[in-house]
A.B. asks: 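Let me begin by handing over the structure; questions about it come next.
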Amino acid sequence: MLLLLCFFWIFHYSFAGDGPGPAYLYLKVPSNSNVKKYSYQLLTKYVNKCDTRVGCMFSTIDQPGQVIICELEDTLVDLQFIVKKRWGHGEYLHHSIRLEIHADSVFYAIPDLPDEAAIDVYLSDKEKIYQKEERREGFKNFMTDWKSYFLYVNFFQGNRLYGEVSFSNARYSLVTVRHGSFFRSSTSHEPGFIRGLTYGAEFNFLWRKNDFILGPKIGFQIASRYTNLGISGVYYTDLTHGLFCIKPRIGINPKIPWVNFSYEYAIRCGYNYFGNRINRHQVSVYFVIPLRVKEVPVFP
């Protein structure tokens with residue numbers, strides 16, 4: 001019996017074997033690679049064995065003309081050689097090919113790179129597209145995350161006392177808040193940045209004919225946990241004459257943005273029929289009344 005087992009072991013490993021061994025792919029990087037200006041990436045992927053990792057699936061090139069050795073277990077391999085700027089996001093696909101592996105070792109030289117000026121133009125165009133998409137995505141996130149509705153009741157004091165009632169569909173952003181002392185503290189994420197458009201009207205408190213002034217307005221406001229900024233356009237009218245004003249404002253919040261104290265300045269755009277009945281400088285108090293506050297995500 002022992003003799004039979006020995007014979008079976010010799011037969012299995014001598015004749016059946018473990019199947020074909022791995023092949024080796026030697027890839028030569030272009031000799032005109034400028035490693036100081038660009039970064040280079042070499043991507044290889046199996047075609048038949050998608051669930052098996054290639055020996056050099058991803059390699060970063062650090063010197064021109066170097067040879068990279070890949071251990072392969074497939075007869076078809078996709079190869080990509082990519083050029084990137086060291087401080088950019090654009091990519092230039094210099095070379096892409098599918099290699100057939102029919103030997104234990106295969107040597108392949110990646111073609112030389114084109115003129116650097118052509119690569120720079122291509123990468124510059126890609127960087128512009130990337131920045132444009134990033135701005136578009138950032139603006140989309142800026143205007144859509146965690147929308148809530150608020151009512152603003154404001155009082156202005158300058159030459160004349162004014163009031164305002166406005167509606168806002170504001171958005172939240174989270175900020176990191178630290179609690180406790182310096183030595184024993186914890187952090188949490190809370191809604192501390194609110195921004196959005198406001199729609200409403202200003203009015204004075206003189207109800208007699210020719211004294212009452214109404215000012216439909218639209219604006220944009222940003223309120224953090226401690227400060228607030230805003231700008232608005234107001235059209236003042238007594239139903240006979242009119243005056244358009246641009247009003248930037250800056251102010252502070254008592255830690256949470258439900259009450260805002262602000263200073264506003266009215267830039268008059270046109271002839272002023274109203275004299276000092278329209279405030280040029282004014283101090284305002286904003287009371288923020290939540291109508292519907294959408295629940296923000298809870299972070300650990």
Side-chain angles (χ1 to χ4, degrees), residues 18-146 171 173-176 193 195 220 222 229 231:
D18 291 320
Y24 292 93
L25 175 62
Y26 298 85
L27 297 172
K28 184 178 183 297
V29 175
S31 57
N32 62 342
S33 302
N34 187 346
V35 295
K36 294 183 178 179
K37 183 176 182 180
Y38 304 107
S39 63
Y40 302 92
Q41 296 177 351
L42 182 66
L43 303 177
T44 51
K45 184 178 70 173
Y46 287 148
V47 176
N48 298 324
K49 297 182 179 181
C50 296
D51 58 340
T52 307
R53 181 171 124 20
V54 182
C56 62
M57 184 167 56
F58 173 86
S59 296
T60 301
I61 314 303
D62 56 6
Q63 60 182 3
Q66 75 179 87
V67 176
I68 298 176
I69 304 174
C70 302
E71 183 179 329
L72 306 177
E73 297 178 0
D74 197 355
T75 56
L76 285 177
V77 177
D78 284 336
L79 170 68
Q80 289 184 339
F81 187 78
I82 298 171
V83 183
K84 298 179 63 177
K85 277 192 174 180
R86 289 197 172 275
W87 305 109
H89 298 87
E91 292 186 354
Y92 171 69
L93 178 59
H94 166 60
H95 190 61
S96 178
I97 191 174
R98 175 167 291 183
L99 299 176
E100 295 187 10
I101 310 300
H102 296 298
D104 293 339
S105 60
V106 176
F107 178 84
Y108 183 80
I110 299 172
D112 284 345
L113 293 161
D115 185 67
E116 288 188 4
I119 297 177
D120 288 339
V121 171
Y122 183 88
L123 292 179
S124 178
D125 292 341
K126 285 293 185 180
E127 182 68 21
K128 292 178 181 177
I129 294 174
Y130 173 84
Q131 295 294 341
K132 184 177 180 180
E133 292 177 348
E134 282 291 300
R135 288 193 297 268
R136 184 187 297 115
E137 187 66 23
F139 181 78
K140 179 181 177 182
N141 294 335
F142 183 81
M143 295 302 295
T144 57
D145 57 338
W146 309 328
R171 274 82 175 174
S173 286
L174 294 182
V175 296
T176 302
F193 190 76
R195 74 276 183 190
F220 184 81
I222 298 176
L229 298 171
I231 188 169

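Being a predicted model, the structure only gives us computed values, none of them experimental.
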A.B. asks: For the side chain of His94 and the backbone of Pro111, is there at least one donor-acceptor N/O pair under 3.5 Å apart?
C.D. replies: yes
A.B. asks: Could you check whether any side-chain heavy atom of Leu93 comes within less than 4.5 Å of a side-chain heavy atom of Phe81, counting everything from C-beta outward?
C.D. replies: no
A.B. asks: Is there a side-chain contact between Leu25 and Ile69 in this structure, where contact means two heavy atoms from C-beta onward sitting under 4.5 Å apart?
C.D. replies: no
A.B. asks: Check whether the ring centres of Tyr92 and Tyr122 lie less than 6.0 Å apart, and answer yes or no.
C.D. replies: yes
A.B. asks: Quick one: pull up OG in Ser33 and CG in Asp112 and give me the separation to the nearest 0.5 Å.
C.D. replies: 8.0 Å
A.B. asks: I'd like to know if the side chain of Tyr40 and the backbone of Pro64 have a donor-acceptor N/O pair within less than 3.5 Å.
C.D. replies: no
A.B. asks: Do Leu27 and Leu42 make a side-chain contact, defined as non-hydrogen atoms from C-beta onward lying under 4.5 Å apart?
C.D. replies: yes
A.B. asks: Indicate the atoms forming the closest heavy-atom contact of Gln80 with Ser96, along with that distance.
C.D. replies: CG-OG, 3.8 Å
A.B. asks: Flag the pair Val29 / Val67 as yes when at least one side-chain heavy-atom distance between them is below 4.5 Å, and no otherwise.
C.D. replies: no
A.B. asks: Give a yes or no answer on whether the side chain of Asn32 reaches the backbone of Leu113 with a donor-acceptor pair at less than 3.5 Å.
C.D. replies: yes
A.B. asks: May I ask you to check whether Tyr26 and Tyr108 place their ring centers less than 6.0 Å from one another?
C.D. replies: no
A.B. asks: Closest heavy-atom contact between Lys126 and Glu91?
C.D. replies: CG-O, 4.1 Å
A.B. asks: Report yes if some heavy atom in the side chain of Tyr38 is under 4.5 Å from a heavy atom in the side chain of Leu123; otherwise report no.
C.D. replies: yes
A.B. asks: Applying salt bridge (charged side-chain N to carboxylate O under 4.0 Å, His left out), can you list everything that pairs with Lys37, at least two apart in sequence or on another chain?
C.D. replies: Glu116, Asp120
A.B. asks: Walk me through whether Ile82 and Leu43 qualify under side-chain contact (heavy atoms from CB on, under 4.5 Å).
C.D. replies: CA-CA 8 Å; Ile82 298 171; Leu43 303 177; 3.6 Å; yes
A.B. asks: Counting C-beta onward and ignoring hydrogens, is there a side-chain heavy-atom pair between Leu99 and Leu76 closer than 4.5 Å?
C.D. replies: no
